[in-house]
**Student:** 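Shown below is the structure under consideration.
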There are 2 protein chains.
Amino acid sequence: MKTVTISDVARHAQTSKSTVSQFLNKRYDYMRDDTKKRIEAAIEELGYSPNIVARSLKQKSTKTIGVIVANILHVFSTQVIRAIEDFCNDSNYHVIVCNADDDPAKEKRYIEMLRAKQVDGIIAFPTGGNVDLYKKLISESYPLVFLDRKVQEISVNTVLLDNEKAAKIAVDEFVKTGYDKIGIITPSLEKGITPRVERVSGFKKALEEHGLPVKPEYIVSAKIADIQRELEKMLNLPEPPKAILALNDRVLFEILKYAKEHSLKIPEDIAVIGIDDVSFAGFYSPELTTIAQPAFDMGKKAAELLLNRIASKGSEVEVNTFRFDPQLKKRSSC
Amino acid sequence: MKTVTISDVARHAQTSKSTVSQFLNKRYDYMRDDTKKRIEAAIEELGYSPNIVARSLKQKSTKTIGVIVANILHVFSTQVIRAIEDFCNDSNYHVIVCNADDDPAKEKRYIEMLRAKQVDGIIAFPTGGNVDLYKKLISESYPLVFLDRKVQEISVNTVLLDNEKAAKIAVDEFVKTGYDKIGIITPSLEKGITPRVERVSGFKKALEEHGLPVKPEYIVSAKIADIQRELEKMLNLPEPPKAILALNDRVLFEILKYAKEHSLKIPEDIAVIGIDDVSFAGFYSPELTTIAQPAFDMGKKAAELLLNRIASKGSEVEVNTFRFDPQLKKRSSC
DNA sequence: CTGAAAGCGCTTACAG
DNA sequence: CTGAAAGCGCTTACAG
């Protein structure tokens with residue numbers, strides 16, 4: 001089909017492209033009523049719809065942003081994206097979703113392609129592996145917001161959970177219930193991924209605050225696939241922990257699997273608290289005590305920061321780190 | 001910052017825009033080696049990156065597709081999107097994600113905006129409420145693929161679960177285990193959403209095949225919020241069902257909650273099979289027998305169909321419905 | 001109140 | 001092997 005353009009509309013309405021464009025952009029200030037009507041009719045009749053790519057080229061704004069998460073399959077990411085999409089939708093922005101899979105090379109490709117597509121800004125769960133690129137974006141004052149993770153020496157608005165607090169809440173809860181042998185299991189700490197690092201450090205600090213010893217044997221960092229084995233080791237220590245903090249939902253799954261396979265009773269044999277309020281927490285047996293992340297609020301905040309930044313067109317903007325409060329969902333696994 | 005354009009590169013490399021463009025598009029056929037080198041150097045030095053919006057305007061292809069799901073928070077949608085994104089990434093396409101929330105008005109807005117943005121094609125979980133729009137797209141031979149749901153009288157490539165088979169597998173399994181009083185719970189059937197309608201009809205057919213009566217009291221259709229109440233009614237029937245098929249994960253949640261609150265033992269008091277292989281199926285107590293949807297395969301297929309359609313540039317293409325096989329995950333809740 | 005003209009940054013016949 | 005020119009479909013000063 002031949003596409004109908006603004007020229008066609010202009011011809012049909014017996015006016016000029018300029019006037020039609022004014023109409024489209026709702027600048028009716030000086031438009032005669034009958035001109036307006038003719039244009040309206042022509043648009044209707046021709047089934048005209050503006051080509052936003054052309055507009056974007058001229059206006060240097062595509063009204064779309066990019067969101068680069070680690071993996072959309074993680075429910076936290078899904079919720080964040082949902083919140084971002086909702087916020088963007090209200091402001092007539094669209095969102096392109098990318099999965100970086102914790103791979104800096106993939107992240108780099110995405111950032112470069114998104115920029116080439118003239119996306120107005122990017123929200124990223126940074127891999128941390130592209131420091132020079134991040135710096136370049138910032139030096140060009142390209143709108144950028146980090147979420148879930150921060151990157152050393154990169155000065156950009158960042159939205160984070162108060163991870164130390166999350167760990168502290170869990171430890172406090174364990175202690176309150178009477179536990180003093182408390183362990184933590186985290187996915188690999190190697191890449192220095194913010195939530196993991198901070199939660200572990202918060203865990204240690206909280207232990208100290210309670211005058212409890214920080215035993216390295218009680219702190220397990222392992223790939224998800226190895227957690228079962230590491231857990232086994234930990235629980236077969238001469239003095240095993242009686243309570244375990246699961247750093248996130250994936251770790252919690254492994255602990256629950258292990259407990260089931262080894263017929264461990266929760267919380268009698270081992271108490272458990274998980275960070276991430278998993279979908280089944282309320283009807284699992286026992287009901288699972290969790291610490292929820294305000295994922296929607298965090299996504300919304302990130303979107304808000306980004307769109308404000310875009311709107312403010314490179315004028316000096318303050319850079320901050322925004323910490324969100326985790327929330328204890330007290331149930332029965334501790 | 002001033003953007004650097006192809007003209008800057010041309011000037012710097014002492015050649016013309018045309019030649020630089022040839023270079024960018026890797027049409028080296030007739031390019032002298034030193035020209036090539038000069039261009040390369042200029043690009044490097046200026047930090048040039050092409051403006052894809054300009055290219056898109058000229059080439060009438062944005063290398064971007066739109067995906068409109070009901071709600072990205074549903075794990076099935078998330079998996080489908082992941083598969084689509086992976087496939088698109090391989091072909092250098094980007095994907096814009098939209099949530100229609102089963103709202104035809106919202107769907108309409110998205111479709112129109114995506115088209116205005118000159119997106120090369122759309123994959124949709126159609127609400128079913130915009131028949132005229134769908135028809136219009138098709139008549140313009142705009143690349144479109146439906147997923148999860150089909151729409152009457154709309155002839156477009158559609159990727160679906162074999163829903164009847166999913167229900168049949170569940171019923172067969174119940175019967176095999178010795179159950180003959182089998183119920184089904186589904187979210188509201190009112191909107192005629194394909195998977196619900198087809199699973200219920202598959203359920204009835206399967207019952208008949210086994211010579212079992214189809215009792216209306218055993219078929220509950222209710223909003224998620226009302227399921228607890230309806231379940232209570234059903235289980236207090238003079239002759240209540242002893243096995244229940246949960247139409248999807250959300251329904252399963254409600255059943256599990258109910259069972260927990262009323263201390264019903266699964267499968268002793270009530271056997272359960274759920275369609276959708278929920279994350280905790282393998283370590284719930286009891287382990288949950290489920291029927292998995294091949295979400296990744298389905299997403300990949302949809303992406304493949306769409307990109308082929310885009311590549312084939314409006315030439316006649318066959319239209320089909322692609323049914324994917326559900327898979328029984330035999331565990332212990334039946 | 002409206003129109004002609006230039007320009008956004010590319011690509012693509014076409015000529016040489 | 002390379003360049004000048006037209007054009008993709010808009011928007012935006014500017015002139016009148």
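Each chain gets a letter, A, B and so on, in the order its sequence line appears, and its residues count up from 1.
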**Student:** Where does DNA chain D form stems of at least three consecutive Watson-Crick or G-U wobble pairs, each pair having both distances below 3.5 Å?
**Tutor:** C:1-3 with D:14-16, C:5-12 with D:5-12, C:14-16 with D:1-3

**Student:** Does a salt bridge link A/Arg109 with A/Asp103, judged by any charged N lying under 4.0 Å from a carboxylate O?
**Tutor:** no

**Student:** Do A/Thr127 and A/Asp102 pair up side chain to side chain, a donor and an acceptor below 3.5 Å, judged on atom types alone?
**Tutor:** no

**Student:** Could you check how far CG of B/Asp8 sits from P of C/dC8, rounded to whole Å?
**Tutor:** 11 Å

**Student:** Just jot down the side-chain contact (heavy atoms from CB on, under 4.5 Å) partners of A/Asn157, sequence neighbours excluded, or say none.
**Tutor:** A/Val145, A/Leu305, A/Val319, A/Asn320, A/Phe322

**Student:** Would you indicate what A/Ser56 reaches in the nucleic acid, counting non-hydrogen atoms under 4.0 angstrom: base, sugar-phosphate, or nothing?
**Tutor:** nothing

**Student:** In terms of side-chain heavy atoms of A/Thr35, which of D/dT2, C/dT2, D/dC10 is nearest?
**Tutor:** C/dT2

**Student:** On DNA chain D, does the nearest nucleotide to B/Leu57 precede the nearest nucleotide to A/Gln22 from the 5' side, or the other way round? Give the residue.
**Tutor:** B/Leu57

**Student:** Between atom CD1 in B/Ile6 and atom P in D/dG7, what is the gap in whole Å?
**Tutor:** 19 Å

**Student:** Hey, does B/Ser7 reach any base, or is it just sugar-phosphate, or nothing, if we go heavy atoms under 4.0 Å?
**Tutor:** nothing

**Student:** State whether B/Arg115 and B/Glu140 are salt-bridged, where the test is any N-O pair (Lys NZ or Arg NE/NH1/NH2 against Asp/Glu carboxylate O) under 4.0 Å.
**Tutor:** yes

**Student:** For A/Lys300, look at atom NZ and say whether over 12 heavy atoms of other residues, nucleotides or ligands are found less than 6.0 Å away.
**Tutor:** no

**Student:** Return the 5'-most residue of the pair A/Ser18, B/Thr19 with respect to DNA chain C, ranking by each residue's nearest nucleotide.
**Tutor:** A/Ser18

**Student:** NA contact type, A/Ser21, heavy-atom cut-off 4.0 Å: base, sugar-phosphate, or nothing?
**Tutor:** base

**Student:** If you only use heavy atoms from C-beta on, which nucleotide in D/dT2, D/dA5, D/dG9 is closest to the side chain of B/Lys60?
**Tutor:** D/dG9

**Student:** Quick check: on DNA chain D, is the nucleotide nearest A/Ala54 upstream (toward 5') of the one nearest A/Gln59, or the reverse? Name the residue that is more 5'.
**Tutor:** A/Ala54

**Student:** Below 3.5 Å, does any donor atom in the side chain of B/Lys58 face an acceptor in the base of D/dG7, or the other way round?
**Tutor:** yes

**Student:** With a non-hydrogen cut-off below 4.0 angstrom, is B/Tyr48 in contact with a base, only sugar-phosphate, or nothing?
**Tutor:** sugar-phosphate

**Student:** Can you confirm if the NZ or CZ of B/Arg82 lies within 45° of the ring axis of B/Phe296 and under 6.0 Å from the centre of its six-membered ring?
**Tutor:** no

**Student:** Distance check needed: C/dC8 C1' versus A/Asn51 CG, whole Å only.
**Tutor:** 13 Å

**Student:** Does the pair A/Arg11/A/Asp8 count as a salt bridge with the N-to-O cut at 4.0 Å?
**Tutor:** yes

**Student:** Quickly work out the A/Asn25 CG to D/dA13 P distance and round it to whole Å.
**Tutor:** 12 Å

**Student:** Taking only side-chain N and O atoms of A/Arg55, does any of them lie within less than 4.0 angstrom of OP1 or OP2 on D/dT11?
**Tutor:** yes

